[in-house]
Amino acid sequence: MLDYLSTKNFKHVHDHYLFWIKIFFLTLVIFGLIASLFVSPADYLQGDTVRIMYVHVPASWLALQIFAVMSICSFITLIFKTRVFTLIAKSVAPIGFTFSLISLFTGSIWGQPTWGTFWTWDARLTSMLVLVIFYIIYIIIWKIIPKFNLAEKLTSIVSLIGLANLPIIKFSVEWWNTLHQPSTIKLTESSTIHSTMLTPLLIMFFAFLIFSIIIFLIRFKLESLNLKINSNR
Amino acid sequence: MNSNVKKRLYFFLVSIITTLVIGKFVFDSLKINSVYFFSPTDLKNINEIPNGLIRVGGMIKIKSLSKKGNQYSFIVTDFKNEIMVNYTGIKPNLFEEGQGAVVEGKLNTRTNLVATKILAKHDENYMPKEVADALKKTGNWKKNYGK
């Protein structure tokens with residue numbers, strides 16, 4: 001299976017299929033936006049404010065998932081010294097960082113009319129801020145340390161430490177009293193969201209996911225070329 | 001598996017276990033000390049009335065919210081105990097009777113709080129208005145959904 005994750009294959013996908021992935025993304029995002037902004041109904045309590053959720057929730061999910069991917073890649077990097085995983089982690093980091101920022105900003109725009117405050121130090125919001133800080137540290141280490149081997153090691157350790165934060169974010173709403181509501185979409189029980197609202201949410205999530213893949217393919221090619229240039233010098 | 005990989009794997013496992021043990025202790029103390037809000041029942045059981053600002057969370061009791069200009073008074077309940085709250089200022093949209101809320105302020109007595117900030121709590125239920133109305137009509141409206 002690991003053979004499929006070679007640098008060559010990623011470049012191949014980038015060179016031959018990127019156009020079609022972009023078309024797919026555009027279709028999804030147009031449908032998703034129409035569905036979430038016009039077709040889906042207003043919430044019985046929040047009214048139209050609920051539409052912020054269609055950006056906020058997919059962005060938060062991806063921010064967490066991308067960090068998990070980075071941590072798994074870092075683990076493989078540290079133990080098995082396979083460089084392609086370092087490049088994967090390095091390429092997806094800015095994508096996750098952007099999504100975590102989107103999550104915080106849309107969250108506070110939603111929080112002001114619903115809760116009555118932009119920000120509060122409850123467990124969910126604080127742990128999400130910690131995730132943003134981990135992303136920042138990860139990216140900064142790559143920027144300021146010129147030696148690839150050293151930066152590779154340090155960033156891997158950082159993202160493994162950050163992995164401990166992910167379950168805290170996920171379960172913060174159950175472990176502590178928080179202002180943030182508990183999860184609406186649960187894996188084990190039925191979700192407490194009406195299907196007319198769940199559909200646009202899922203479309204938006206897949207649109208965001210495809211978008212991440214596009215950016216990843218571009219960034220991965222760039223990072224691998226960079227590595228080649230620097231190692232030839 | 002070559003010996004270097006094995007060595008790194010062992011090192012990694014040992015550090016994971018150490019971190020988990022440390023994490024467990026940190027987590028336990030965090031769970032006790034980092035309370036975002038208290039319930040009215042928690043307040044009933046405290047030994048002395050705290051001096052600083054505290055947060056109390058619960059449901060706004062139905063038919064308890066009264067308004068006079070921009071002065072509000074209402075009762076926050078956790079269905080066991082309740083606490084009277086007075087507040088002057090602007091009220092968030094979702095702050096209504098039967099909804100969850102978190103109020104921040106100073107305790108006067110064990111059952112009276114002067115709030116400096118009120119926050120509406122939103123639950124995890126999302127549905128269109130028609131569905132909510134239909135649920136109420138058929139009597140399937142869950143108690144903790146609100147009214």
Side-chain angles (χ1 to χ4, degrees), chain A residues 40-47 49-50 53-54 57 75-82 110-117 120-127 156-157 160-161 163-165 167-168 171-173 175-186 191-198 201, chain B residues 1-2 4-13 15-16 19-20 22-23 26-27 30-31 34-39 42 55-58 89-96 99-104 117-133 135-136 142 145-147:
Chain A
S40 79
D43 187 65
Y44 75 106
L45 203 63
Q46 309 167 48
T49 321
V50 73
M53 173 191 74
Y54 301 121
V57 173
F75 171 76
I76 301 173
T77 298
L78 279 181
I79 305 294
F80 300 101
K81 304 269 176 195
T82 36
W110 180 86
Q112 174 58 26
T114 354
W115 294 336
T117 182
T120 183
W121 292 102
D122 86 340
R124 173 56 75 83
L125 278 66
T126 311
S127 56
S156 300
I157 293 168
L160 279 177
I161 297 170
L163 185 63
N165 190 31
I168 297 181
F171 296 109
S172 55
V173 286
W175 290 340
W176 290 284
N177 287 334
T178 53
L179 188 61
H180 195 287
Q181 61 269 31
S183 304
T184 296
I185 290 142
K186 302 164 190 101
S191 302
T192 51
I193 182 170
H194 195 259
S195 57
T196 50
M197 293 164 155
L198 183 62
L201 181 66
Chain B
M1 224 189 278
N2 69 43
N4 266 332
V5 170
K6 236 179 202 168
K7 211 194 281 171
R8 286 198 291 267
L9 210 53
Y10 281 137
F11 176 74
F12 188 80
L13 279 178
S15 37
I16 280 284
T19 328
L20 279 180
I22 296 170
V26 173
F27 179 75
L30 263 180
K31 214 169 174 182
S34 64
V35 181
Y36 184 70
F37 60 76
F38 298 98
S39 69
D42 292 335
R55 295 199 193 96
V56 183
I90 303 161
K91 159 176 103 65
N93 286 344
L94 258 66
F95 196 90
E96 291 294 342
Q99 292 295 327
V102 175
V103 298
E104 190 180 284
K117 198 168 164 189
I118 56 177
L119 300 169
K121 201 162 154 32
H122 185 259
D123 60 23
E124 69 272 34
N125 301 301
Y126 293 82
M127 63 182 91
K129 196 173 179 310
E130 298 79 44
V131 177
D133 289 343
L135 278 178
K136 278 177 199 166
K142 277 186 199 165
Y145 272 22
K147 271 175 218 178

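Computation of the quantities below employed the complete heavy-atom set of this structure, encompassing side-chain atoms and omitting hydrogens, waters and symmetry-equivalent molecules. Proteins come first, then strands; the chains are lettered A, B, ... in the order of their sequence lines, and each starts at number 1.
Ranked by heavy-atom pairs under 4.5 Å with chain A, the list B:S39, B:P92, B:G23, B:A120 is led by B:A120.
Between the OH atom of B:Y10 and the CD1 atom of A:I79 there is a distance of 12.0 Å, given to the nearest 0.5 Å. Expressed to the nearest 0.5 Å, how far OG1 of A:T196 lies from CE of B:M127 amounts to 10.5 Å. Atom CG of A:L201 sits about 9.5 Å away from atom OH of B:Y126, to the nearest 0.5 Å.
Looking at A:L198, there are no atoms closer than 4.5 Å to chain B (heavy atoms on both sides), in backbone or side chain. Only the backbone of B:I118 comes within contact range of chain A, judged by heavy atoms closer than 4.5 Å. Contacts of A:S183 with chain B are made by backbone atoms alone, with heavy-atom separations under 4.5 Å and no side-chain atom involved. Looking at A:T114, both its backbone and its side chain come within 4.5 Å of chain B, counting heavy atoms on both sides. Residue B:K91: no heavy atom, backbone or side chain, is found under 4.5 Å from chain A. Of the atoms belonging to A:Q46, heavy atoms from both backbone and side chain fall under 4.5 Å from chain B. With a threshold of 4.5 angstrom between heavy atoms, A:A42 approaches chain B through N, CA, C or O but not through any side-chain atom.
Enclosure of atom CG in B:L13 by more than 12 non-hydrogen atoms of other residues, nucleotides or ligands within 6.0 angstrom is indicated.
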Q. So B:F12 and A:F75, ring-ring contact (aromatic ring centres under 6.0 Å, His included) or not? Walk me through it.
A. CA-CA 9 Å; B:F12 188 80; A:F75 171 76; 4.6 Å; yes
Q: Starting from the C-alpha separation in whole Å, work towards a yes-or-no answer on side chain to side chain contact (heavy atoms under 4.5 Å, CB included) for A:W115 and B:K121.
A: CA-CA 6 Å; A:W115 294 336; B:K121 201 162 154 32; 5.7 Å; no
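Remark: aromatic rings of A:W121 and B:Y36 are distant, center separation not under 6.0 Å.
In this structure, B:R8 contributes its side chain and A:F80 its backbone to no donor-acceptor pair below 3.5 Å.
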